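Each remark here refers to the structure printed beneath this line.
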Amino acid sequence: MIININERDGEESIDIVLDTIQHKKQCLVFLNTKKSAEKLAEDIADNIKDISKKDIAEKALNALQSPTKQCNRLHKCMLKGVAFHHSGLVEEQRKLIEENFRSGEISVICSTPTLSYGMDLPAFRVIIRDLKRYGKRGMDYIPVLEYMQMAGRAGRPGKETKGEAICIAKTEAEKDKIIDKFILGKPEEIYSKLAVEPVLRMYVLSLISGDIARTREDLLVFFGKTFWGHQFGDIDSLSRIIDKMLNLLEEYKFVASNKSNVSDCTDCSKISCENSDDLFTSADVLKTDTLKNGNLKNTEDKKIKQIKYTATLIGRRVSQLYLDPLTANKLLEGIAKSDSNTPLFSHLQMFSSTLEMRPLLRMRKSDEEFIQGLLIKYEDALLEDPPKVYDYEYDEYLDSCKTAFFFHTWINETKEDKMLDEYGIEPGLIRVKLEIIDWLLYSLIDLCNISQIKDKVNILNKLRLRLKYGVKEELLPLLKLKSIGRIRARKLFDNGIKDLGDVKMADLSNLSTLLGHSIAADIKKQVDQEIKEIPKGTRKGQLSIEKFS
DNA sequence: GGACGGTGAAACTTCAGGTTGCCTC
DNA sequence: GAAGTTTCACCGTCC
């Protein structure tokens, strides 16, 4: 069915939404950018009168310690029962929106594709306003599969007998295109992405580490049975990648093999042979294409089949930590280069340049000046050589510097609203990036302990704690107390209470003025107890106090 | 006449998202 | 490529 809208020109989606609300139904609107989602939600809210949802709006506003512009905007919309939803919101706000949409308190959500996948959030009407999105080749149509995911949200099974999914065409030509491509078209084929190097690196290591595969043959058999094997069956190219990965993992010392013991005697079936000086590497397998004739190839094949791989202690741990071996090696090499004079920014840049941290925060035009300033200050102290200005990786390198700068700003107690206003970093994104760097830090600390480079552990532990709380080093002693976070610790510190000893000495009434009576009494009680008892029952993921004292 | 506010055109800027991973109680 | 945001020129109003 094609709906013709003859209301206000250029505001078709608003008109359809208002019509939906009039009929006391709910709708989801899908757009292609976060800004668009916020703007449309705001425009819709501006057109709604006689609705006031103060309770939920207040909750959205106060989800952060200091509300950002984004919080204020969401608050304004939610007062009218309208919300926007995208990755820049924090988890609490997203949940609040989803729950209240399910309960019917919220009538409209303007969303980026966050809501299109894997979420049980049906609505009577779904409006897909943007069917194009900016990509590598400029604006391009979204995949049909994605359209189907969005349109599939229309209709509430068990509650309504029908649902409506509406696309908006600006011209007749566009209308025809939408009908052909999305409504009558077929979804794209799904392809396995297994044979991509980062994925294979991890799986090869985990298969060896878990004793599921011990030889190259085992790996080929395993991957041959996967969806990738079923789909492509190109075992030659897969085997080349596997050989490359095995070589790499050996180079990193995450796996070890018995190559040096494998004989080059063609008739020897045992693994070990006295005259085997010949060191055979997996890379040599690549040469087999040129050695296709005669016994030589058979000899090579026999040798390869005899090579057995086992994970080293550190390799096993890398696999357990679910780290990409490339990242693990990069971090270990980087930290080995650091010393007590290495600036924290250099550590942060190292973490920011890992695959796990992607997508990085993008450098905007207005960021250029301060990023250049940072480079002048820190470039010589980085733990990895930066690319040249004309290298294609250079832009990504700048993005990694911006991401590192963001972490650096965070551990210097910058508030979330300032981060959003000045650097365009949304609170939701802040949380995600902090979670990733926490995991990477935890992993590196663990790997340092195994690799006997324990002298770096203290610096990393401190950095982890500072990132967790977003504080300067001087506040760390106060964070040992329960109920004390970055805001209260700063309050205490600025009033001369700088460590647990000061808390012990401080007058209860002074503390009460700063923190309120119940918290003041509580921390007094805490300092009277053994310090080692304090971490019990602390927040999730908090590091134990002994490590930092 | 100058300050101020409103308006609209032009110039500028930016552009989705996800899961799982580790620890511990 | 498109949409949102910012900037700037212009004009009208008010004191």
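Treat the numbers as computed from the prediction; the structure is a model and nothing was measured.
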_Short side-chain N/O contact from A:T112 to OP1 or OP2 of B:dG17, under 4.0 Å_ = yes

_Rounded to whole Å, please give me the gap between CG in A:L115 and C1' in B:dA16._
12 Å

*Under 6.0 Å from the CZ atom of A:R362, do we count more than 12 heavy atoms belonging to anything else shown?*
no

*For A:Y134, which contact category applies under a 4.0 Å heavy-atom criterion: base, sugar-phosphate, or nothing?*
base

*Contact interval (first through last nucleotide) of DNA chain C with protein chain A, 4.0 Å heavy-atom*: C:dG1 to C:dT5

*Assigned partner base of B:dA16, Watson-Crick or wobble definition, under 3.5 Å*: none

*Of A:G424 and A:L321, the one whose closest DNA chain B nucleotide lies more 5'*: A:G424

*Test: A:D46 and A:K80 ion pair at under 4.0 Å*: no

*With heavy atoms under 4.0 Å as the rule, sort A:S443 into base, sugar-phosphate or nothing.*
nothing

*With DNA chain B as reference, determine whether A:L31 or A:Y322 sits nearer its 5' end, using the nearest nucleotide of each.*
A:L31

*For atom P, what is the distance between C:dG1 and B:dG18, given to the nearest Å?*
28 Å

_Qualifying residues under salt bridge (charged side-chain N to carboxylate O under 4.0 Å, His left out), relative to A:E92, sequence neighbours excluded_ = A:R431

*Assign A:D130 to base, sugar-phosphate, or nothing according to its heavy-atom contacts below 4.0 angstrom with the strands shown.*
nothing

*For the pair made of NE2 in A:H86 and C1' in B:dC15, what is the distance, rounded to whole Å?*
13 Å

*Compute the centroid of each ring, for A:F182 and then for A:Y141, and state whether the two points are separated by less than 6.0 Å.*
yes

*Can you sort out the partners of A:D140 under salt bridge (charged side-chain N to carboxylate O under 4.0 Å, His left out), two or more places apart, ordered by chain and number?*
A:R137

*A:E384: what forms a side chain to side chain donor-acceptor pair (under 3.5 Å) with it, not counting sequence neighbours?*
A:K330

_Atom pair CD1 (A:I16) and CD1 (A:I166), whose distance is rounded to the nearest 0.5 Å_ = 4.5 Å

*asked:* Just to verify, what does A:E473 make a side-chain contact (heavy atoms from CB on, under 4.5 Å) with, not counting sequence neighbours?
replied: A:K462, A:R466, A:L476

_Taking atom CZ as the centre, does A:F227 end up with more than 12 heavy-atom neighbours from other residues, nucleotides or ligands that are less than 6.0 angstrom away?_
yes

*In whole angstroms, how far is the P atom of B:dA16 from the CE atom of A:M150?*
12 Å

*So what does A:K132 touch, heavy atoms closer than 4.0 Å: a base, only the sugar-phosphate, or nothing?*
nothing

*Assign A:R358 to base, sugar-phosphate, or nothing according to its heavy-atom contacts below 4.0 angstrom with the strands shown.*
nothing

Restricting both atoms to N or O, compile the protein contacts to nucleotides 8-14 of chain B shorter than 3.5 Å, with distance only.
from, atom 1, to, atom 2, distance (Å)
B:dT14, OP2, A:K365, N, 3.1

